[in-house]
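Computed over heavy atoms, backbone and side chain alike; hydrogens, waters and symmetry mates excluded.
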Amino acid sequence: MFPKVLEKFLVYLLLAAFLEVASFQAIRSNLSFALPHIQIDCIGQIIGDTEIVTNQSIDVNQDGKPDQVVLYGKDHLYVLVALSQSQTHCEVILNEHLTALILVNPSAWRTVAVHKIEMIELTGDDKPEIYIWLEKSGEGVGPRYEYAVHAIYTFVDGNLQQALNVELCLAFNSFEFRETATGNAKDVYLDGDSLCNPPWSSGRTYSIMRWNGEKFALVESGTIDIATTDPPWLNVCCIVAPISFLVVTLMLVTRLRKVTAN
């Protein structure tokens, strides 16, 4: 009896692992990984045989031609933007390190999940910006070690440059685009805890960042008033969980001894 129960448990465990991997791949499957043939030589001269994490064909300069936003990894994660000049040529207008992404291990960029690479109007000039949203699991275990990175690139005086690059703990922080009083440019709203603590255990702060013509700069910040004591259900969970684990373990050991004795 016990071996059959153990066999079923292992099957369920493998199924759960498969679903987790499938969900991760689903996140990344909506982006193209193969560069268009006409872009291979142009971009290849810059990055060589470096591995491409992902690329997205979008009209960056709004001229009706498909340009390329490429994320590639070397010692860290980099972003490259190439404009299509003709059927056989392109112009690289941005190639820089995504500096906000914490990577303790230089090869950790291989596990970055790309959620969005899109054009979105944020500065109020009717010329959309490049918005990149990445997520990265940290070096530890648990939601506090998972990070989200949000980067915005826009044209200033004809040059594409970084307007915002922030990193947030994924579990207990938020990142939002909010309408402004004028209804043109959007504000960036952030709230959370710098140590990635849950909202009920520490003070939280908020920040509002606004476009100033060159970048999204801080215009307001403050503390969010919240309860600083743990909720009752958390204390119950902390007591019940280990006791339940101990009881189940003892039951399994007892059952195993009986089966072995027979």
Side-chain angles (χ1 to χ4, degrees), residues 27 30-32 39 43 46 53-72 76-85 90-102 112-136 147-170 173-192 194 204-222 224:
I27 291 174
N30 61 338
L31 297 171
S32 170
Q39 310 287 354
I43 296 176
I46 304 296
V53 177
T54 188
N55 79 282
Q56 182 78 335
S57 296
I58 51 179
D59 189 1
V60 174
N61 58 352
Q62 304 298 293
D63 65 351
K65 299 177 182 178
D67 307 310
Q68 299 298 318
V69 178
V70 180
L71 301 185
Y72 68 95
H76 290 292
L77 190 66
Y78 291 79
V79 56
L80 179 148
V81 178
L83 302 181
S84 298
Q85 298 297 320
C90 67
E91 176 188 1
V92 175
I93 60 172
L94 180 75
N95 184 26
E96 68 177 36
H97 176 214
L98 279 175
T99 55
L101 189 60
I102 292 180
V112 169
V114 183
H115 279 264
K116 283 186 179 180
I117 299 178
E118 64 179 4
M119 302 297 293
I120 179 173
E121 169 54 30
L122 299 171
T123 60
D125 60 358
D126 294 326
K127 298 178 181 178
E129 282 65 50
I130 301 174
Y131 169 52
I132 300 175
W133 170 17
L134 311 174
E135 289 185 3
K136 169 72 178 69
Y147 293 86
V149 175
H150 301 270
I152 299 172
Y153 294 88
T154 188
F155 284 96
V156 177
D157 297 328
N159 298 314
L160 186 64
Q161 68 181 43
Q162 188 180 99
L164 180 72
N165 197 322
V166 297
E167 177 185 306
L168 300 171
C169 179
L170 185 59
N173 293 272
S174 63
F175 177 97
E176 301 176 9
F177 294 123
R178 293 189 172 183
E179 299 292 338
T180 60
T182 61
N184 295 323
K186 289 182 171 59
D187 285 346
V188 173
Y189 175 83
L190 312 172
D191 77 63
S194 60
R204 293 171 66 82
T205 60
Y206 75 92
S207 302
I208 298 177
M209 309 183 78
R210 186 166 297 159
W211 175 246
N212 64 4
E214 294 184 354
K215 62 180 181 180
F216 284 88
L218 181 67
V219 294
E220 183 181 338
S221 63
I224 302 174

Centroid separation under 6.0 Å, is that true for the rings of Phe177 and Phe175?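 Under 6.0 Å, so yes.
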Contact summary for [X] and [Y], nearest pair of heavy atoms:
{"X": "Ile117", "Y": "Ile58", "value": "CG2-CD1, 4.4 Å"}
{"X": "Tyr153", "Y": "Glu96", "value": "CE2-OE2, 3.2 Å"}
{"X": "Thr154", "Y": "Ala163", "value": "CG2-CB, 3.9 Å"}
{"X": "Ser84", "Y": "Asp63", "value": "O-OD2, 4.4 Å"}
{"X": "Glu129", "Y": "Leu122", "value": "OE1-N, 2.8 Å"}
{"X": "Asn212", "Y": "Ala217", "value": "ND2-CB, 3.6 Å"}

Could you please spell out the steps behind the side chain to side chain contact (heavy atoms under 4.5 Å, CB included) verdict for Val79 and Val69? CA-CA 7 Å; Val79 56; Val69 178; 4.2 Å; yes
Which residue, Leu83, Val81, Ile46, forms the side-chain contact (heavy atoms from CB on, under 4.5 Å) with Val92?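 That would be Ile46.
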What is the distance from atom [atom1] of [X] to atom [atom2] of [Y], rounded to the nearest 0.5 Å?
{"X": "Glu118", "Y": "Ile132", "atom1": "CD", "atom2": "CD1", "result": "10.5 Å"}
{"X": "Asp191", "Y": "Glu176", "atom1": "CG", "atom2": "CD", "result": "7.0 Å"}
{"X": "Asn55", "Y": "Asp67", "atom1": "CG", "atom2": "CG", "result": "12.0 Å"}
{"X": "Ser221", "Y": "Leu190", "atom1": "OG", "atom2": "CG", "result": "10.5 Å"}
{"X": "Leu80", "Y": "Ile43", "atom1": "CG", "atom2": "CD1", "result": "5.5 Å"}
{"X": "His115", "Y": "Trp133", "atom1": "NE2", "atom2": "CH2", "result": "5.5 Å"}

Do we see a donor-acceptor contact under 3.5 Å between the side chains of Asp187 and Thr180? no
Side chains of Glu220 and Ser207, donor plus acceptor under 3.5 Å: no
Mind telling me whether Tyr131 and His150 have parallel, tilted or perpendicular rings, with 30° and 60° as the class edges? parallel
Charged N to carboxylate O below 4.0 Å: is that the case for Glu121 and Lys127? no
Taking the side chain as every heavy atom from C-beta outward, state whether [X] and [Y] have any atom pair closer than 4.5 Å.
{"X": "Val149", "Y": "Lys136", "result": "no"}
{"X": "Asp59", "Y": "Met119", "result": "no"}
{"X": "Asn165", "Y": "Leu98", "result": "yes"}
{"X": "Ile130", "Y": "Leu160", "result": "yes"}
{"X": "Val60", "Y": "Phe155", "result": "yes"}
{"X": "Val166", "Y": "Val188", "result": "no"}
{"X": "Lys186", "Y": "Glu179", "result": "yes"}
{"X": "Leu134", "Y": "Leu77", "result": "yes"}

Could you go through the side chain to side chain contact (heavy atoms under 4.5 Å, CB included) check for Asn95 and Tyr72 one step at a time? CA-CA 10 Å; Asn95 184 26; Tyr72 68 95; 2.7 Å; yes
Other residues, nucleotides and ligands only: do more than 12 of their heavy atoms fall within 6.0 Å of CD on Glu214?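 Counting other residues, nucleotides and ligands, CD of Glu214 stays at 12 neighbours or fewer.
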